[in-house]
2 protein chains.
Amino acid sequence: MSVVPKISRERIVEIASELFYHNGYNQTSFSQLAEACHIPKGNFYYHFKTKQDILDAVIDKRTNDIVSVLQSWDDESSDPHARLLCFVRMLKRSQDELLRFGCPMGTINLELGKSQPQLQTQSAKMFELFINWLVLQFNLLGYEEEKSRFKAYYLMNQAQGCATLLYSLKDKSMFDKQLAYLEDWLNTIKKS
Amino acid sequence: MSVVPKISRERIVEIASELFYHNGYNQTSFSQLAEACHIPKGNFYYHFKTKQDILDAVIDKRTNDIVSVLQSWDDESSDPHARLLCFVRMLKRSQDELLRFGCPMGTINLELGKSQPQLQTQSAKMFELFINWLVLQFNLLGYEEEKSRFKAYYLMNQAQGCATLLYSLKDKSMFDKQLAYLEDWLNTIKKS
DNA sequence: GTCTATACCTTGATAGAC
DNA sequence: GTCTATCAAGGTATAGAC
């Protein structure tokens, strides 16, 4: 006695998020989205007024996902150094996805910057969440505010750069080496 | 007695390159391109069979431009350390453009990766040119091949990361600081 | 609430006069 | 070689039956 659940708004957003990640927002059409959701095209407009509304919802979802991830790292350890390692290891775990589709934050940000500037601002909040969290960890390690901010950006720079080059040049072993270097760096700057 | 020159194929490619950089390739339509070139739409197909042919030509042009830039840095100084500083200073000089439109290599690469994978491979050659040149400079500084490659990627990582974060978060002063750090790093690793 | 049919627009590309 | 007119296809969005 199986119940076939109607597709929920939440599920649509999940599917859209993946399609936007894989194909880009502008290159993903309603037809593709409808097909992936197994619903007719017209049906969308019950949940969303425009395509951009879907993008808004996707950005919201991703933002919330990031909050959850950061929370889970906070829960996992109270040691800021261990938490920072979580960040680097996430990159390592994501290697295959990064190679195929690039960084989910970086790629959408660059795309929106060219076509929907106001939405770029929105999606840049994802970066800010990560950076603010990183700043906090360096604070906890004993660094003052300005130095912490610098290190947080430095770490995020590296992450974005590694992801971009991996996506462009497909060199996995170099990606590994650069991440290993980042881990070493984290060990070096660890204060008492 | 002024002569109004007919627009050349070369000039079309220049204009297309700028439009693709500012708006993205997929988001730039023939109509926009025609308007910017002051020629009717149909006129294009005398020079190019398809839109993608224009993109090919744009990538070619940019690739050649990069070769010229690297050549000019080679000419400017025979000291590899000074040459590497040219690279960092180019980033500094490009600050305003990077903030508004992102890195011309990085943004087109990420875009093409999602929609035209075969062209991404083509445009990734631009990265390779830079990286191979960087490797060579580290070689000349006295580093062995593997270490040189690592450092070249590290430098390019930073450049891409800085550009991405500047474009996303618009923080000029942090961009300056990160570049200053890169210069320091170059001074540190300078061998005899 | 769900689906079908379709309106309306813009796109890349073509045909053919000059 | 250059330009006008137009094409077919695919996009987003809407109207209205059920």
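Residue numbering restarts at 1 for every chain, and letters A, B, ... go by the order of the sequence lines.
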Give a yes or no on whether the ring-centroid distance for A:Trp133 and A:Phe87 is below 6.0 angstrom.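 Here the rings of A:Phe87 and A:Trp133 have centres that are no less than 6.0 Å from each other.
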What about the rings of A:Tyr45 and A:Phe30, do their centers lie closer together than 6.0 Å?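 Yes, ring centres under 6.0 Å apart.
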Do A:Glu111 and A:Asn26 get their side chains close enough for a donor-acceptor pair, meaning under 3.5 Å?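 Indeed, the side chains of A:Glu111 and A:Asn26 share at least one donor-acceptor pair under 3.5 Å.
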Looking only at side-chain N and O atoms, does A:Tyr46 come under 4.0 Å of OP1 or OP2 in C:dG1?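 For C:dG1, OP1 or OP2 has a side-chain N or O of A:Tyr46 closer than 4.0 Å.
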d([atom1], [X]; [atom2], [N]) in whole Å:
| X | N | atom1 | atom2 | answer |
| --- | --- | --- | --- | --- |
| B:Phe44 | C:dA15 | CZ | P | 19 Å |
| B:His38 | D:dT2 | NE2 | P | 16 Å |
| A:Arg9 | C:dT2 | CZ | C1' | 17 Å |
| B:Leu55 | C:dA13 | CG | C1' | 17 Å |
| A:Tyr25 | D:dG11 | OH | C1' | 12 Å |
| A:Leu33 | D:dG10 | CG | C1' | 16 Å |

How would nucleotides 12-18 of chain D be written as a contact map, 5' to 3', with B for base contact, S for sugar-phosphate-only contact and - for no contact, using protein heavy atoms under 4.0 Å? BBB----
Atom pairs and distances, donor-acceptor, side-chain atoms in residues 96-107 of chain A, under 3.5 Å, two or more places apart:
| from | atom 1 | to | atom 2 | distance (Å) |
| --- | --- | --- | --- | --- |
| A:Asp96 | OD1 | A:Lys172 | NZ | 3.1 |
| A:Thr107 | OG1 | A:Cys103 | O | 2.7 |
| A:Thr107 | OG1 | B:Lys114 | NZ | 3.2 |

Between B:Lys125 and B:Glu128, does any side-chain N to carboxylate O distance fall below 4.0 Å?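 No.
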Using links of under 4.5 Å between side-chain heavy atoms of ILVMFWY residues, direct or through other members, which residues join B:Leu110 in one cluster?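 Once heavy-atom contacts under 4.5 Å are chained together, B:Leu110 belongs with A:Leu110, A:Tyr167, B:Tyr167.
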